[in-house]
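We use all heavy atoms of the structure for the numbers below, so side chains are in, but hydrogens, waters and symmetry mates are not. Owing to the predicted nature of the structure, the values given are computational and were not obtained by experimental measurement.
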Amino acid sequence: MLFAGRKHAAKIAFATAFAVLAASPLFSFAAPLAPYTDSAAAPAASPDTGMVLVSASADARQALRWVVQAHDNEGLPFVIVDKKGGRIFVFEADGQLRGTSPALTGLAPGDHSVPGMAQRSVASLREDERTTPAGRFVSEPGHNLQGEAIVWIDYAAKLAIHRLRPAPPAERRAERLASETPDDNRISMGCVVVPVRFYETVVGPVMGRSRGIVYVLPETQPLASMLGALQLSQR
């Protein structure tokens, strides 16, 4: 599953994104704003807020530059999940940042999904199997068995982006999302978990209405390996 998929470059205007990129080879941004916070008092995010990647890691910035320059998202909205940084970045189809937030990912480090996951239940996963696989995925909006709206990253692997849900108190999921460090963001069965408000104001409106592209950045291999594999698949 890792780095899978053949893509065709789409003809789409990236004027907004390239205007941002022009500031620096590694995306320096003028007048940075604070990243999204899951506060009831916070206004709903929109493409006009001028939000910037102030919280992005070097890997996330490099991945964004590659997606924009290669038009790899094929004219679709896209997401970058930075497991090492514990963050998610949601972009409109034209490369404009719609919002960013802390995110929870799989408990176990690793870039591959469990073999045969389609025939297994999520509850059957051992702790060392609870990974968030890396790669490029074509996402689709959908629902889980409880009727909750989610964004499927990989339906067969039971991998999705979804809201923070009630969980055993010992997992402290809300506290993990609110902490300043990504070191405690590893707790999920493999799904990408975001604050409720962020899902409802950013993820749902952007990724919950049509197909999109989700880039989950690797953590056991260099990012260049993933981008190189994706580039080869375009040929």
Side-chain angles (χ1 to χ4, degrees), residues 1-2 35-42 45 55 57 60 79-90 99-135 137 139-208 214 216-220:
M1 179 184 302
L2 184 61
Y36 180 95
T37 56
D38 188 37
S39 168
S55 55
S57 66
V79 163
I80 293 175
V81 178
D82 181 4
K83 291 187 289 180
K84 291 189 291 186
R87 296 197 71 85
I88 181 174
F89 303 89
V90 180
T100 178
S101 169
L104 304 179
T105 54
L107 175 66
D111 291 325
H112 297 272
S113 61
V114 179
M117 189 60 203
Q119 288 74 47
R120 294 184 58 180
S121 68
V122 174
S124 73
L125 293 176
R126 303 187 308 268
E127 287 192 357
D128 64 295
E129 295 177 320
R130 299 175 186 178
T131 60
T132 301
F137 303 88
S139 67
E140 292 188 8
H143 295 81
N144 61 14
L145 294 178
Q146 290 70 45
E148 176 192 8
I150 62 177
V151 173
W152 286 111
I153 299 175
D154 186 329
Y155 184 83
K158 301 178 175 64
L159 183 68
I161 303 172
H162 65 74
R163 302 168 181 82
L164 180 67
R165 302 166 180 160
E171 292 188 357
R172 302 181 300 104
R173 293 196 173 202
E175 291 87 342
R176 291 170 185 269
L177 279 172
S179 72
E180 296 183 359
T181 172
D183 297 341
D184 59 355
N185 287 34
R186 313 305 296 268
I187 191 63
S188 81
M189 292 286 190
C191 287
V192 178
V193 182
V194 300
V196 173
R197 182 169 172 79
F198 185 78
Y199 187 97
E200 293 177 347
T201 61
V202 179
V203 175
V206 177
M207 303 293 291
V214 176
V216 181
L217 306 187
E219 57 188 339
T220 62

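Rounding to the nearest 0.5 Å places CG of Leu107 at 12.0 Å from CG of Asn185. How far CZ of Arg197 is from CZ of Arg163: 13.0 Å, rounded to the nearest 0.5 Å. Atom CD1 of Ile161 is separated from atom CD1 of Ile150 by 10.0 Å, given to the nearest 0.5 angstrom. Remark: Thr131 OG1 to Leu125 CG distance equals 8.0 Å, nearest 0.5 Å. Interatomic distance, Leu159 CG to Thr132 OG1, rounded to the nearest 0.5 Å: 6.5 Å.
When atom types are taken as modelled, the side chain of Glu140 and the backbone of Val151 share no donor-acceptor pair closer than 3.5 angstrom. Panel note: side chain Arg173, backbone Leu164; no donor-acceptor pair is recorded below 3.5 Å. Checking side-chain atoms of Arg87 against main-chain N and O of Pro182 turns up no donor-acceptor pair under 3.5 Å. Listed for the Lys83 side chain is no donor-acceptor partner under 3.5 Å among the backbone atoms of Gly106. Remark: the backbone N or O of Pro168 is not paired with any side-chain donor or acceptor of Glu171 at under 3.5 angstrom.
Between Arg186 and Thr105, the side chains place a donor N or O and an acceptor N or O closer than 3.5 Å (distance only, hydrogens not considered).
Side-chain contact between Met117 and Val122 is present, with at least one heavy-atom pair separated by less than 4.5 Å. Counting heavy atoms from C-beta on, the side chains of Cys191 and Ile153 never come closer than 4.5 Å.
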side-chain contact (heavy atoms from CB on, under 4.5 Å) between Arg165 and Glu148, worked out: CA-CA 11 Å; Arg165 302 166 180 160; Glu148 176 192 8; 2.8 Å; yes
Could you go through Arg120 and Val114, starting from their C-alpha distance and side-chain angles, then the distance that decides it, and tell me whether this counts as side-chain contact (heavy atoms from CB on, under 4.5 Å)? CA-CA 9 Å; Arg120 294 184 58 180; Val114 179; 3.4 Å; yes
Apply side-chain contact (heavy atoms from CB on, under 4.5 Å) to Lys84 and Ser57, showing your working. CA-CA 9 Å; Lys84 291 189 291 186; Ser57 66; over 6 Å; no
Show your working on side-chain contact (heavy atoms from CB on, under 4.5 Å) between Val193 and Arg176 and close with a plain yes or no. CA-CA 11 Å; Val193 182; Arg176 291 170 185 269; over 6 Å; no
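Shown here are the side chain to side chain donor-acceptor pair (under 3.5 Å) partners of Ser121, two or more places apart in sequence or in another chain: there are none. With sequence neighbours excluded, no residue forms a side chain to side chain donor-acceptor pair (under 3.5 Å) with Arg172.
Counted within 6.0 Å of CD on Glu175, heavy atoms from surrounding residues, nucleotides or ligands total more than 12; the atom is thus considered enclosed.
Residue Gly208 comes nearest to Pro141 through the heavy atom pair O-CB, 3.3 Å, listed as atom of the first residue, atom of the second, then distance. What you find for Val194 and Ala103 is that their closest heavy atoms are CG1-CB, 4.2 Å. Nearest heavy atoms, Pro205 versus Val202: CD-O, 3.4 Å. Minimum heavy-atom separation, Phe198 to Ile88: CE2-CG2, 3.8 Å. Of all the heavy atoms in Ala60 and Asp82, the pair that sits closest is CB-OD2, 4.2 Å. Taking all atoms of both residues into account, the shortest heavy-atom contact from Glu127 to Ala108 is O-CB, 3.3 Å.
Counting only residues at least two apart or on different chains, the ring-ring contact (aromatic ring centres under 6.0 Å, His included) pairs with a member in residues 154-190 are Trp152-Tyr155.
Put simply, the residue from Asp111, Ile80, Val81 that forms a side chain to side chain contact (heavy atoms under 4.5 Å, CB included) with Leu217 is Ile80.
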